[in-house]
*Asks:* 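Here's a structure for you.
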Amino acid sequence: DTGVTQSPTHLIKTRGQQVTLRCSPISGHKSVSWYQQVLGQGPQFIFQYYEKEERGRGNFPDRFSARQFPNYSSELNVNALLLGDSALYLCASISNRGNTGELFFGEGSRLTVL
Amino acid sequence: AQSVTQLGSHVSVSEGALVLLRCNYSSSVPPYLFWYVQYPNQGLQLLLKYTSAATLVKGINGFEAEFKKSETSFHLTKPSAHMSDAAEYFCAVRENTNAGKSTFGDGTTLTVKP
């Protein structure tokens with residue numbers, strides 16, 4: 001079984017630019033969540049999508065947006081990048097079985113904003 | 001709102017010694033609780049989860065945690081530390097109404113000395 005895959009793994013942007021991060025969930029999983037992990041902190045919830053619909057949104061500005069495609073892959077977009085957006089962005093795929101909410105994480109996309 | 005507090009951002013033990021990582025949570029309803037481990041430059045991996053069944057939960061790699069409702073705690077333990085246990089550990093509580101949203105603590109870095 002292929003796990004959660006994210007791309008790119010590393011990227012460097014400058015302030016004001018835009019970035020798109022991509023995620024493919026585990027085969028058969030229909031829901032993904034995005035988290036931001038700033039150095040020295042735990043992951044912070046950004047979005048959850050299920051069956052292409054937004055199911056939850058964390059306390060992030062409108063510069064952050066996401067979408068989910070028919071094949072359940074997802075993109076996270078961040079516009080007008082700020083230095084503070086530098087972080088590890090984690091995508092998590094959620095099992096359809098039961099309702100425990102176990103998150104299967106990818107290895108993340110490390111964004112550096114200069 | 002749910003929250004998680006991990007006491008001690010850094011814990012150092014000798015190889016073979018007991019590992020104890022502390023986690024306290026706040027939740028207005030019976031929670032789902034998780035411990036995740038993160039190795040350098042990787043995503044998070046589930047160690048164990050509490051889902052209102054047995055209060056003592058056993059996970060991978062010899063770790064276990066005990067849910068104590070009266071103390072709102074979910075501390076992680078391992079009887080004998082191994083060098084390979086060195087990593088960052090995160091406690092998380094899941095929002096009951098949204099399987100994809102978990103609130104994480106700020107993590108505890110475990111160092112294992114030879």
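Heavy-atom basis, side chains included; hydrogens, waters and symmetry copies ignored. Throughout, a chain's letter reflects where its sequence line sits, starting with A, and its residues are numbered from 1.
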*Asks:* If you draw a 6.0 Å radius around CG in A:N59, do more than 12 non-hydrogen atoms from other residues or ligands fall strictly inside?
*Replies:* no
*Asks:* Which bit of B:L44 comes within less than 4.5 Å of chain A, counting heavy atoms only: side chain, backbone, both or neither?
*Replies:* both
*Asks:* Just wondering, are more than 12 heavy atoms of other shown residues or ligands nearer than 6.0 Å to CD in A:E53?
*Replies:* no
*Asks:* What part of B:Q45 is in contact with chain A, defined as an atom under 4.5 angstrom from a non-hydrogen atom: side chain, backbone, both or neither?
*Replies:* neither
*Asks:* Between A:F45 and B:F104 (judged by ring centroids, cut-off 6.0 Å), do the two rings come close enough to count as a pair?
*Replies:* no
*Asks:* Taking all heavy atoms of B:N41 and all of A:E107, pick out the closest pair and write down the distance.
*Replies:* O-OE1, 4.3 Å
*Asks:* CZ of A:R15: more than 12 outside heavy atoms within 6.0 angstrom?
*Replies:* no
*Asks:* Kindly check if the number of other-residue, nucleotide or ligand heavy atoms within 6.0 Å of CG (A:L39) is above 12?
*Replies:* no
*Asks:* Hey, is the main chain of B:S102 close enough, under 3.5 Å, to the side chain of A:Y35 for a donor-acceptor pair?
*Replies:* yes
*Asks:* With only heavy atoms counted, which part of A:I46 is less than 4.5 Å from chain B, the side chain, the backbone, both or neither?
*Replies:* neither
*Asks:* Calculate, to the nearest 0.5 Å, the distance between atoms CG and CD belonging to B:D106 and A:Q41 respectively.
*Replies:* 5.5 Å
*Asks:* Could you measure the distance from the CZ atom of A:F104 to the CG atom of B:L46? Nearest 0.5 Å is fine.
*Replies:* 7.5 Å
*Asks:* Does any heavy atom of chain B fall under 4.5 Å from the side chain of A:Q37, the backbone, both, or neither of them?
*Replies:* side chain
*Asks:* Restricting to non-hydrogen atoms, name the atom on B:Q38 and the atom on A:L88 that form the minimum distance, rounded to 0.1 Å.
*Replies:* NE2-CD2, 3.9 Å
*Asks:* Would you say the side-chain atoms of B:Y36 pair up with the backbone N or O of A:L103, donor to acceptor, closer than 3.5 Å?
*Replies:* yes
